[in-house]
Amino acid sequence: MPTFKLGELFCGPGGLAYGAIHSKSDDGEFCVTHAWSTDYDKDSCDTYIHNICPSSPETVICQDVRNLDINSLSPIDAFAYGFPCNSFSNVGEHQGLSNEKFGQLYWYGVEVLRKFRPKWFIAENVSGIRSAGNNDFKVILNDLKESGYNLTVHLYKAEDYGIPQTRHRVIIVGIRDDIKVTYRVPDPKMFSHIDNTVGNALSHISENAPNNEVRKISHNIVERLSFIKPGQNIWQAENELPEHLKIRTKTKISQIYRKLDPNKPSYTITASGGGGTFGYHWENRELTNRERARIQTFPDNYAFTGTYSSVRKQIGMAVPCELSKIVVTAILNSFAGIPYNSIDSNINY
């Protein structure tokens, strides 16, 4: 069986990797196996080890990528990296490559490509990367292309692929340009039969599932949530709220005390944010981390390491496992020469 050995930078808790190593081409011939990964966050690394490679913890390097010796890494056939999105998101104010702390980190992936020449790679970032800086996105794409890869760039809407979440992410798939393989974007119509409502996603969670503790919230928050209808945020219920439950902020962020609508996909699960942005169930409570993980399509036996807030952050930063599996399966089918329904990329560069 042809097996692609996968290396990964900025691996987080392993959403992208879990989807990849659980992918196979439709004929069962092509698959992916973990080779090495790295991240600077210890809790994320511990989570990754526990769920992805418990028998080889030494293959997960917990280190700032800027101090990483790329030459010490083992050869790989495939590469993945969701380079940090802080500089390209709306919250990050689109600082882009001008932000020295985060904006240049994509370059370490370019170095891996040039060093190991894997047969394919997958890179993921927020939708806002398209408008970061004056020309940053084109610079990044050009650097990846000049590393010797044919690129397919697409804005994937996770909810269109059966994921119970409105999550829009740019995914770049690169195939080494000396290989006669063409990747095409999977047609979301193949997944239209899947019930992607968050009500379905959060049903039948065992009380003993890991990371499923219910965080206690104040009486005021419970009372405030009682005035907010499923799918609405606090601003949409502002006229109904008693004075003591209203909040005063200059910016009206849509996530503030926003409740899930069980009959629709969830809104985007995030890693950061202050009070009122933690994600709220239609039953007037904060989501548990297991519920967040369900929305991100992690299986219930995927246990996260760390404090409640650390686990929430890990889940919010992850790539949905099922979206990763869909993309990687299409890559494997492309290498196996197996046709599948596809659409044109919606991003030109």
Side-chain angles (χ1 to χ4, degrees), residues 1-8 11 14-35 37 51-53 75-82 116-124 149-165 167-196 200-201 265 294 296-302 318-347:
M1 177 184 291
T3 301
F4 294 101
K5 294 176 290 185
L6 178 71
E8 186 174 7
C11 65
L16 203 161
Y18 186 88
I21 64 176
H22 287 83
S23 302
K24 285 185 179 180
S25 56
D26 289 350
D27 60 4
E29 290 298 313
F30 286 76
C31 66
V32 177
T33 187
H34 163 80
S37 63
N51 296 281
I52 304 296
C53 53
I76 53 174
D77 309 297
F79 176 57
Y81 80 129
F116 294 107
R117 300 285 291 148
K119 293 178 180 178
W120 57 268
F121 78 84
I122 178 173
E124 179 265 357
Y149 290 84
N150 293 319
L151 309 182
T152 302
V153 189
H154 189 71
L155 178 67
Y156 290 78
K157 297 182 178 181
E159 67 274 20
D160 291 346
Y161 287 88
I163 312 299
Q165 180 185 182
R167 192 179 189 92
H168 299 170
R169 292 294 185 268
V170 171
I171 295 179
I172 306 162
V173 172
I175 306 293
R176 207 171 69 200
D177 59 13
D178 63 338
I179 299 174
K180 293 183 178 180
V181 168
T182 300
Y183 169 84
R184 292 183 64 82
V185 178
D187 187 347
K189 290 180 182 177
M190 294 190 293
F191 308 90
S192 61
H193 63 284
I194 299 174
D195 184 349
N196 67 352
N200 177 63
R294 276 270 187 109
Q296 285 278 60
T297 63
F298 284 96
D300 283 356
N301 63 355
Y302 204 101
V319 176
C321 301
E322 286 300 314
L323 184 58
S324 168
K325 187 176 180 181
I326 288 166
V327 174
V328 174
T329 297
I331 294 172
L332 298 181
N333 280 336
S334 299
F335 273 86
I338 298 173
Y340 56 90
N341 294 338
S342 62
I343 59 173
D344 292 333
S345 170
N346 56 22
I347 296 179

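All values derive from a computational prediction rather than experimental measurement. Side-chain atoms are counted along with the backbone in the values below, which use heavy atoms only and exclude waters and symmetry mates. Here, residue 1 is the first one in the sequence, and each next residue gets the next number.
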K.L.:
Output side-chain donor-acceptor pairs under 3.5 Å for residues 338-345, partner residues at least two apart or in another chain, one line each.
P.N.:
{"residue": "Y340", "atom": "OH", "partner": "R184", "partner atom": "N", "Å": "3.0"}
{"residue": "Y340", "atom": "OH", "partner": "R184", "partner atom": "O", "Å": "2.6"}
{"residue": "Y340", "atom": "OH", "partner": "S334", "partner atom": "OG", "Å": "3.3"}
{"residue": "S342", "atom": "OG", "partner": "R184", "partner atom": "NE", "Å": "2.9"}
{"residue": "D344", "atom": "OD1", "partner": "R184", "partner atom": "NH2", "Å": "2.9"}
{"residue": "S345", "atom": "OG", "partner": "V153", "partner atom": "O", "Å": "2.0"}
{"residue": "S345", "atom": "OG", "partner": "I347", "partner atom": "N", "Å": "3.2"}
{"residue": "S345", "atom": "OG", "partner": "I347", "partner atom": "O", "Å": "3.3"}

K.L.:
Quick check: does any side chain N or O of Q296 sit under 3.5 Å from a backbone N or O of A318, one acting as donor and the other as acceptor?
P.N.:
yes
K.L.:
Which label fits Y302 and Y18: parallel for a plane angle under 30°, tilted from 30 to 60°, or perpendicular past 60°?
P.N.:
perpendicular
K.L.:
Would you say the side chain of L6 lies within less than 4.5 Å of the side chain of P118, judging by non-hydrogen atoms?
P.N.:
no
K.L.:
Less than 4.5 Å apart, any side-chain heavy atom of V32 and any of L332?
P.N.:
yes
K.L.:
Describe, in one word, how the ring planes of F335 and F30 are oriented to each other, choosing from parallel (under 30°), tilted (30 to 60°) and perpendicular (over 60°).
P.N.:
tilted
K.L.:
Run the side-chain hydrogen bond (donor to acceptor under 3.5 Å, both in side chains) test against N200 and tell me which residues pass, sequence neighbours left out.
P.N.:
none
K.L.:
Using every non-hydrogen atom in the two residues, find where A336 and D27 come nearest and quote the distance to one decimal.
P.N.:
CB-OD2, 4.0 Å
K.L.:
Taking the side chain as C-beta and beyond, is there a heavy-atom pair between W120 and Y183 under 4.5 Å?
P.N.:
no
K.L.:
Is any side-chain heavy atom of F121 less than 4.5 Å from a side-chain heavy atom of I331?
P.N.:
no
K.L.:
Report the C-alpha separation of I179 and K119 in whole Å, then their side-chain angles, then the decisive distance to 0.1 Å, and conclude whether the side chain to side chain contact (heavy atoms under 4.5 Å, CB included) test is met.
P.N.:
CA-CA 8 Å; I179 299 174; K119 293 178 180 178; 3.7 Å; yes
K.L.:
Tell me whether H154 contacts the main-chain N or O of N346 through its side chain, where contact means a donor paired with an acceptor under 3.5 Å.
P.N.:
yes
K.L.:
Can you tell if the side chain of R294 reaches within under 4.5 Å of the side chain of D300, non-hydrogen atoms only?
P.N.:
yes
K.L.:
Looking only at heavy atoms, what is the nearest atom pair of S25 and N333, with distance?
P.N.:
CA-OD1, 3.3 Å
K.L.:
Look at the side chain of Y161 and the backbone N and O of P186, then say whether any donor-acceptor pair between them is shorter than 3.5 Å.
P.N.:
yes
K.L.:
Under 3.5 Å, is there a donor-acceptor pair between the side chain of N196 and the main chain of P265?
P.N.:
no
K.L.:
Could you tell me if the side chain of P188 sits less than 4.5 Å from the side chain of K157, heavy atoms only?
P.N.:
no
K.L.:
I need the minimum non-hydrogen distance between I163 and P320, along with the two atoms involved.
P.N.:
CG2-CB, 4.2 Å
K.L.:
So, for H34 and I21, which heavy atoms are closest and what is the spacing to 0.1 Å?
P.N.:
N-CG2, 4.0 Å
K.L.:
Does the side chain of V319 come within less than 4.5 Å of I171's, by heavy atoms?
P.N.:
no
K.L.:
Would you find a donor on one side and an acceptor on the other, under 3.5 Å apart, between the side chain of N150 and the backbone of T182?
P.N.:
no
K.L.:
For C321, is there any backbone N or O sitting under 3.5 Å from a side-chain donor or acceptor partner on T297?
P.N.:
yes
K.L.:
Under a 4.5 Å cut-off applied to non-hydrogen side-chain atoms, are L16 and Y81 in contact?
P.N.:
no
K.L.:
Under 6.0 Å from the six-membered ring centre of Y149 and within 45° of its axis: does the NZ or CZ of R117 meet both?
P.N.:
yes
K.L.:
Looking only at non-hydrogen atoms, find the nearest pair between M190 and H193 and report the distance.
P.N.:
O-CE1, 3.2 Å
